[in-house]
J.: 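To start, I am sharing the structure in question, which I have written as structure tokens.
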Amino acid sequence: MSLKERENAILEYLREKREATVGELCAILFVSEPTMRRDLYTLSRAGKLLRTHGGAAYKGARGENLPQAFREREQTSAKAIIGKRALSLVKDGDTVMVDASSTAAELLKLIGARRDIVVVTNNAHAPALLSETAVKIFVSGGELAHGTYAFVGGYAEDFMRSFHADVCFFSVRRLTLDGDLTDNAIAENAVRRIMLAKAKKKVLLLDSKKLGEACMNTLCSLNEIDAVVSETDISSLFPTARDKFLPF
């Protein structure tokens, strides 16, 4: 089997099964683990699949939103770093808006280290993340977007309009090199727009793997937000907005 045939077979299998381990793919294609890992690396770099712990997952079409379970397993170490760095932007007594992204959830795990914090979010998982802390939590409710922890729709949007925040932390699927913040989840973007409008400071949480081709819906542009927190220094890619990136 040629490399091209093998890559097509991997993608077809993932399209059907949604997710597979390296061992599983080796067994069906009769190749060694080093060969399979190289193939998955190549396909991941080309944006054709998602790497997971021990394997790979179907990426789907450009306009398809990813299930939360996949998003939580993407770039876990990078997200943990971003969460720790973002905490430096939270002051005691802040009211903080946080979206339902898996990256922002890393900040929620840590935010209890600050005193007198109020969190306003559409993340259905937030009570579980904050239940052992002294943080006061307001969760929007509303329609739960399929495959996510995100409450969306008119109820969630009206809820967000009733609050004001010192800072909003959010993430998106892609930041283009032209400075567009984009996502496939249109309903989640609608809630994010309100959160951004109601916050004094707007902070994008973005791991470096999310740089690239635009998703189908634009949330806003880089020049409309106040800060970017990433796990590595990518500020040189945005020379006109370098001052927005939290320094290392």
Side-chain angles (χ1 to χ4, degrees), residues 19 40-41 44-45 47 49-60 65-90 96-114 117 119 121-133 135 137 145 147-151 167-176 181-185 188-189 191-192 195-196 201-212 215 219 222 225-235 237-238 244-248:
E19 190 171 7
L40 296 181
Y41 175 80
S44 175
R45 292 282 291 179
L49 56 74
L50 298 170
R51 290 304 307 271
T52 64
H53 182 67
Y58 175 61
K59 185 170 184 179
N65 196 27
L66 293 171
Q68 186 80 17
F70 287 177
R71 287 190 273 169
E72 288 180 340
R73 289 195 293 268
E74 287 185 281
Q75 292 289 96
T76 52
S77 60
K79 290 174 182 177
I81 293 169
I82 291 167
K84 290 177 183 176
R85 300 191 75 224
L87 186 63
S88 68
L89 299 177
V90 181
V96 181
M97 282 186 172
V98 183
D99 78 348
S101 64
S102 57
T103 308
E106 293 298 322
L107 173 61
L108 288 179
K109 295 175 184 177
L110 304 172
I111 206 167
R114 297 289 185 262
I117 295 297
V119 166
T121 184
N122 66 326
N123 186 337
H125 196 45
L129 295 175
L130 296 170
S131 61
E132 301 299 320
T133 74
V135 174
I137 317 163
T148 77
Y149 296 132
F151 286 120
V167 57
C168 171
F169 293 95
F170 70 103
S171 188
V172 291
R173 287 299 303 169
R174 288 288 183 273
L175 170 60
T176 72
L181 281 61
T182 70
D183 205 295
N184 292 325
E188 288 184 53
N189 267 356
V191 178
R192 288 183 184 122
M195 296 170 74
L196 294 175
K201 187 172 185 177
K202 306 159 185 61
V203 181
L204 172 66
L205 307 180
L206 189 87
D207 73 65
S208 59
K209 296 293 185 183
K210 291 185 175 180
L211 297 175
C215 294
L219 173 64
L222 196 56
I225 66 171
D226 300 294
V228 181
V229 181
S230 60
E231 88 287 4
T232 189
D233 189 359
I234 55 175
S235 61
L237 299 174
F238 302 91
K244 293 184 181 290
F245 289 79
L246 188 68
F248 282 82

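It should be emphasised that the depicted structure is a prediction, and the values quoted were computed from it without experimental measurement.
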J.: List for me each residue that meets side chain to side chain donor-acceptor pair (under 3.5 Å) alongside T103, sequence neighbours excluded, and say none if there are none.
T.: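 Side chain to side chain donor-acceptor pair (under 3.5 Å) list for T103, sorted by chain: empty.
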J.: Under the criterion side-chain contact (heavy atoms from CB on, under 4.5 Å), I'd like the reasoning laid out for D183 against R174: C-alpha separation, chi angles, the key distance, then a yes or no.
T.: CA-CA 6 Å; D183 205 295; R174 288 288 183 273; over 6 Å; no
J.: Rounded to the nearest 0.5 Å, what separates atom CG in L181 from atom CG in N189?
T.: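 The distance works out to 9.0 Å.
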J.: Taking R51 for the side chain and A57 for the main chain, is one N or O donor matched with an acceptor at less than 3.5 Å?
T.: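 No, because the side chain of R51 does not come within donor-acceptor range (under 3.5 Å) of the backbone of A57.
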J.: If the condition is salt bridge (charged side-chain N to carboxylate O under 4.0 Å, His left out), which residues does K201 pass it with, not counting sequence neighbours?
T.: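 Partners of K201 under the salt bridge (charged side-chain N to carboxylate O under 4.0 Å, His left out) test: none.
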J.: According to side chain to side chain donor-acceptor pair (under 3.5 Å), who are the partners of K84, at least two apart in sequence or on a separate chain?
T.: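 Residues passing side chain to side chain donor-acceptor pair (under 3.5 Å) with K84: none at all.
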J.: List for me each residue that meets side-chain contact (heavy atoms from CB on, under 4.5 Å) alongside A56, sequence neighbours excluded, and say none if there are none.
T.: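 Once residues adjacent in sequence are excluded, the partners of A56 under the side-chain contact (heavy atoms from CB on, under 4.5 Å) criterion are L14, L40, L49.
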J.: Return the minimal non-hydrogen interatomic distance between L196 and C168, and the atom names on each side.
T.: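 What the structure gives for the nearest pair is CD2-SG, 4.0 Å.
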J.: Using the side chain to side chain donor-acceptor pair (under 3.5 Å) criterion, which residues pair with D233? Sequence neighbours excluded.
T.: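 Applying side chain to side chain donor-acceptor pair (under 3.5 Å) to D233 gives S235.
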J.: Work out which heavy atom in A105 is nearest to a heavy atom in N123; give both atom names and the distance.
T.: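 Taking A105 first and N123 second, the nearest heavy atoms are CB-ND2, 4.3 Å.
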J.: Hey, is the main chain of K244 close enough, under 3.5 Å, to the side chain of D226 for a donor-acceptor pair?
T.: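 Answer holds: no.
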J.: Once rounded to the nearest 0.5 Å, what's the spacing between atom CG of L108 and atom CD1 of I117?
T.: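 Atom-to-atom, L108:CG and I117:CD1 are 11.5 Å apart.
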J.: Check A78 against D207 and note the closest heavy-atom contact, atom names and distance.
T.: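 Minimum heavy-atom contact is CB-CB, 3.9 Å.
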J.: Looking at V98 and A104, what are the two nearest heavy atoms and their distance?
T.: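 The pair with the smallest heavy-atom distance is CG1-CB, 3.4 Å.
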J.: Measure across L87 and A113 and return the closest heavy-atom pair with its distance rounded to 0.1 Å.
T.: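 Smallest interatomic distance, heavy atoms only, reads CD2-CB, 4.4 Å.
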J.: As an exercise, state the distance from CG of L129 to CD1 of I111, rounded to the nearest 0.5 Å.
T.: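 Interatomic distance, L129 CG to I111 CD1, rounded to 0.5 Å: 11.0 Å.
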J.: Is the shortest side-chain N to carboxylate O distance from D99 to R192 below 4.0 Å?
T.: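 Yes, D99 and R192 are salt-bridged.
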J.: For S230 versus I234, what's the shortest heavy-atom pair and its separation?
T.: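 For S230 and I234, the tightest heavy-atom pair comes out as OG-CG1, 4.0 Å.
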J.: Check step by step if side-chain contact (heavy atoms from CB on, under 4.5 Å) holds for V203 and I225.
T.: CA-CA 7 Å; V203 181; I225 66 171; over 6 Å; no
J.: Strictly distance-based, threshold 3.5 Å: is any side-chain N or O of E231 a donor or acceptor partner for the main-chain N or O of S208?
T.: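 Side chain of E231 to backbone of S208: a pair is present.
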J.: Could you walk me through whether L211 and F238 pass the side-chain contact (heavy atoms from CB on, under 4.5 Å) test, one step at a time?
T.: CA-CA 11 Å; L211 297 175; F238 302 91; 3.8 Å; yes
J.: OG of S101 to NZ of K210: how many Å apart, nearest 0.5 Å?
T.: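 S101 atom OG to K210 atom NZ measures 6.5 Å (nearest 0.5 Å).
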J.: Does V228 form a side-chain contact (heavy atoms from CB on, under 4.5 Å) with L246? I'd like the steps, not just the answer.
T.: CA-CA 6 Å; V228 181; L246 188 68; over 6 Å; no
J.: Going from CG on L206 to NZ on K79, what distance comes out if it is rounded to the nearest 0.5 angstrom?
T.: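 Rounded to the nearest 0.5 Å, the CG-NZ separation comes to 11.0 Å.
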J.: Looking at T182 and C215, would you say the former's side chain and the latter's main chain have a donor-acceptor pair under 3.5 Å?
T.: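 Yes, T182 side chain to C215 backbone: donor-acceptor pair under 3.5 Å.
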J.: For F151, is there any backbone N or O sitting under 3.5 Å from a side-chain donor or acceptor partner on N122?
T.: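 Side chain of N122 to backbone of F151: a pair is present.
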